[in-house]
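Note that the coordinates shown come from a computational prediction; the quantities given were computed from them, not determined experimentally. Start at 1 with the first residue, then count along the sequence.
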Amino acid sequence: MYSPAQDIERIRARILHTIKHGLEFDLTTEQCKQLLRRHVNSNTTVVVLFIDINDSTHMSISLPPTTFASLVQIFSQEARLVILGHGGYVLKYVGDSIIGIFPAEYDNKKASENALNCALSMMLIIRECINPIMRSKNLPEIAVKIGLEHGPSLVILYGKSLDKAPIDLVGPCISMASKIMSAASANQILVGQSLYSAFSEDDKLKSRFTEIKLPTDKWNFHDKHTGNIYKVYNFI
C-alpha cells in the first residue's frame, strides 16, 4: 500500500519543482474512462471520494490568478497520485475539487479501506508537504473537505462512440458523496452510512467512526429503506 509518510522529502521536492516549472505530467483521467467503458449503461459498485479545497472562492479572489492556478495544480497533482497509489481512479477534476472512485464490485470492505486510507494520506500530504511550502513562500495554507460514500452508480455515455464520447457516473451514490463533502468542515472526513456498514464486523476500525448530527437546514436526506435520516459519520 502506498505510504506518503515514507516519502515526505520526495513529495516536497516535487511540489517545489511544480511551483517553479509547472506540472510534470498531464493529469489525465483516461485510466478511469477505460474502466468505466466496461460498464456502459449498467451499474457498477464503487466507493466515491469527493475532495474539495475549503474557502477556495476567497483564495481565487484574493490571490493573483497565476498563483491560484499553481496552487490548484499542486493540489490536483498530489491528490491524483494519492488516489492512484491507493488503487483508485480519478473520475474528473471540477475546478478545485477532485472526484475519485475505488472499484468495489468484488470486495466492498477493501475498497472502503483504500478510500479511507487515501483520504488520510491526502490530509498528511497537505499538512506535512503542501502547507509548509506555502508558508515558506508567504502563501495561504489550504484545508480540504472530504466526503466518501459506497454504492452502485450508473455508467452513462454522452454519445455513440465508446472511444470518444464523454463518460460519467450518475446516481444516488455519487450524489450523496457530493452532499456529504459539502457538509464537512475544513480538514474533516465524513462518510455515509453505506460505507460505514462495510465495517459492521470490524470493531477496531468502527471505533474510529463517530456519528454526527447535522442541522436539518444542512442535512435532510433520508434512507429510502427505513425513511429515517441518512446517517453521516466523522472518520478520525
- Task: Check side chain to side chain donor-acceptor pair (under 3.5 Å) between K179 and all other residues, then give those that pass, not counting sequence neighbours.
- Result: none
- Message: Within the 4.5 Å heavy-atom criterion, are L195 and L116 side-chain neighbours or not?
- Response: yes
- Could you tell me whether the side chain of I189 reaches within less than 4.5 Å of the side chain of I236, counting heavy atoms only? no
- Determine, stepwise, if the pair I101 / I83 fulfils side chain to side chain contact (heavy atoms under 4.5 Å, CB included). CA-CA 8 Å; I101 63 170; I83 290 169; over 6 Å; no
- Message: Suppose the criterion is salt bridge (charged side-chain N to carboxylate O under 4.0 Å, His left out): which pairs have a residue in residues 113-138, not counting sequence neighbours?
- Response: R135-E141
Can you give each donor-acceptor pair under 3.5 Å made by side-chain atoms of residues 35-42, sequence neighbours left out, with the distance rounded to 0.1 Å?
| residue | atom | partner | partner atom | Å |
| --- | --- | --- | --- | --- |
| R37 | NE | L162 | O | 2.9 |
| R37 | NH1 | E30 | OE2 | 2.9 |
| R37 | NH2 | E30 | OE2 | 3.3 |
| R37 | NH2 | D163 | O | 3.3 |
| S42 | OG | H39 | O | 2.7 |

- Note on the structure: side chain to side chain donor-acceptor pair (under 3.5 Å) filter on R14, not counting sequence neighbours, yields E78
- Task: Decide if atom CD of E201 counts as having more than 12 heavy atoms of other residues, nucleotides or ligands within a radius under 6.0 Å.
- Result: no
- Query: Other than I61, which residues form its hydrophobic cluster under the rule that side-chain heavy atoms must be closer than 4.5 Å?
  - Reply: none
- Query: Does K206 have any side chain to side chain donor-acceptor pair (under 3.5 Å) partners at least two apart in sequence or in another chain, and if so, which?
  - Reply: none
- Message: Under the criterion side-chain hydrogen bond (donor to acceptor under 3.5 Å, both in side chains), I'd like the reasoning laid out for T18 against Q77: C-alpha separation, chi angles, the key distance, then a yes or no.
- Response: CA-CA 9 Å; T18 302; Q77 174 178 260; 3.0 Å; yes
- Task: Using side chain to side chain donor-acceptor pair (under 3.5 Å) as the criterion, list what pairs up with T29, not counting sequence neighbours.
- Result: none
- Any donor and acceptor pair, going by atom type alone, linking the side chain of H21 with main-chain N or O of H17 inside 3.5 Å? no
- Note on the structure: Grouping ILVMFWY residues whenever side-chain heavy atoms fall under 4.5 Å, the cluster of V170 otherwise contains L154, I156, Y158
- Query: Who pairs with D107 by salt bridge (charged side-chain N to carboxylate O under 4.0 Å, His left out), at least two apart in sequence or on another chain?
  - Reply: none
- Look at the side chain of S76 and the backbone N and O of V72, then say whether any donor-acceptor pair between them is shorter than 3.5 Å. yes
- Is it true that a side-chain atom of E149 and a backbone atom of C173 form a donor plus acceptor pair closer than 3.5 Å? no
- Using a 4.5 Å cut-off on heavy atoms from C-beta on, say whether the side chain of I130 contacts that of I15. yes
- Residues passing the side chain to side chain contact (heavy atoms under 4.5 Å, CB included) test with D55, sequence neighbours excluded, are H58
- Short side-chain to backbone donor-acceptor contact, S194 and H150, under 3.5 Å: yes
- Message: Suppose the criterion is ring-ring contact (aromatic ring centres under 6.0 Å, His included): which pairs have a residue in residues 93-121, not counting sequence neighbours?
- Response: none
- Message: Pair K92, D168 - check salt bridge (charged side-chain N to carboxylate O under 4.0 Å, His left out), show working.
- Response: CA-CA 9 Å; K92 64 176 74 173; D168 203 357; 2.7 Å; yes
- Query: Tell me the ring-ring contact (aromatic ring centres under 6.0 Å, His included) pairs involving residues 160-196, sequence neighbours left out?
  - Reply: Y196-F209, Y196-Y233
